[in-house]
Structure formats: C-alpha cells, structure tokens
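When reading the values below, keep in mind they use all heavy atoms of this one structure, side chains included, and skip hydrogens, waters and symmetry mates.
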Amino acid sequence: MSNTLLTRIWTFYRDGFREMTLGRTLWAIILIKLFIMFFILKLFFFPSFLKEKTPEEKQQYVGEELIKRANP
C-alpha cells in the first residue's frame, strides 16, 4: 500500500481538473465574480474612512463603536 489516502485524493482531483473542458470556463467565471465582489465592490462601496485618522483617533473610534454595539 504505497499510495496513502491523501495521495489518492490528490491524484483524483489533479486528474479531474486536467480533464475538464466546460469546468475550466465555469471556474474562470467563478474567479472573475469573486474578484469583482471582493476587490472592485470594496473599493467603491466600502471606503476606508479610518485611513486619514491617527492611531489614537482610530483606537478611540473603535472603542466607542464597541461600547455602543455592546449596549444597544
């Protein structure tokens, strides 16, 4: 039993991805959508409003927000 379970699983997935035709296109679409969701949307809809603050101001803001959210 020279092949371990992990080796057989790796070989199974490696060979499966090599033989894909339509699957490669679908994976490309999935990766493009993930890029759009996590990179492009973050840039435009979730700006970093703490960027211009000093470390002390950031600490103060985060502390106040935690206290407000803990006591609704």
Side-chain angles (χ1 to χ4, degrees):
M1 187 161 143
S2 63
N3 285 345
T4 64
L5 179 63
L6 290 176
T7 305
R8 290 187 311 205
I9 292 171
W10 168 254
T11 305
F12 174 77
Y13 280 103
R14 183 193 65 202
D15 294 342
F17 281 112
R18 282 184 182 165
E19 299 297 321
M20 275 198 279
T21 55
L22 177 63
R24 288 184 186 185
T25 306
L26 295 175
W27 274 108
I29 291 170
I30 290 169
L31 292 175
I32 290 168
K33 286 176 124 179
L34 286 173
F35 174 77
I36 289 170
M37 285 190 322
F38 290 110
F39 185 74
I40 304 295
L41 290 178
K42 184 186 179 309
L43 285 177
F44 293 112
F45 295 108
F46 303 107
S48 177
F49 55 90
L50 293 176
K51 190 186 312 183
E52 294 85 23
K53 296 186 183 290
T54 65
E56 292 79 21
E57 291 172 332
K58 289 178 186 178
Q59 290 173 357
Q60 181 70 26
Y61 175 79
V62 171
E64 289 172 0
E65 286 298 313
L66 287 173
I67 291 171
K68 276 197 271 186
R69 292 178 187 196
N71 300 318

As an exercise, state the distance from CG of L5 to CZ of R8, rounded to the nearest 0.5 Å. 5.5 Å

Give the C-alpha distance, both sets of side-chain angles, the deciding distance and a yes or no for side-chain contact (heavy atoms from CB on, under 4.5 Å) between F35 and L31. CA-CA 6 Å; F35 174 77; L31 292 175; over 6 Å; no

Using distance alone, with no hydrogens and no angle criterion, decide if Q60 and E56 have a side-chain donor and acceptor under 3.5 Å apart. no

Is the count of non-hydrogen atoms from other residues, nucleotides or ligands lying under 6.0 Å from K42 atom NZ greater than 12? no

Rounded to the nearest 0.5 Å, what separation is found between the CZ atom of R24 and the OG1 atom of T21? 8.5 Å

Between F39 and F44, is there a shared hydrophobic cluster once you connect ILVMFWY residues whose side-chain heavy atoms come closer than 4.5 Å? yes

Please check this pair: side chain of R18 against backbone of Y13, looking for a donor-acceptor N/O pair closer than 3.5 Å. no

Taking only Lys NZ, Arg NE, NH1 and NH2, and the carboxylate oxygens of Asp or Glu, determine whether K68 and E64 approach each other closer than 4.0 Å. no

Nearest heavy-atom contact between T4 and T7 is OG1-OG1, 2.9 Å

Assess the residue pair K33 and I36 against the criterion (side-chain contact (heavy atoms from CB on, under 4.5 Å)); give the C-alpha distance rounded to whole Å, side-chain angles, the decisive distance to 0.1 Å, and a yes or no. CA-CA 5 Å; K33 286 176 124 179; I36 289 170; 5.7 Å; no

If you measure from OG1 on T54 to CD on Q59, what distance do you get to the nearest 0.5 Å? 8.5 Å

Enclosure of E19 CD (heavy-atom neighbours >12, cutoff 6.0 Å): no

For a 4.5 angstrom cut-off between non-hydrogen side-chain atoms, does W10 reach L6? no

Shared hydrophobic cluster for F12 and I9 (ILVMFWY, side-chain gaps under 4.5 Å): yes

Reported CD-to-CD distance for the pair E57 and E52, which is rounded to 0.5 angstrom: 10.5 Å

Heavy-atom pair with the smallest gap, counting every atom of W27 and M20: CD1-CE, 3.8 Å

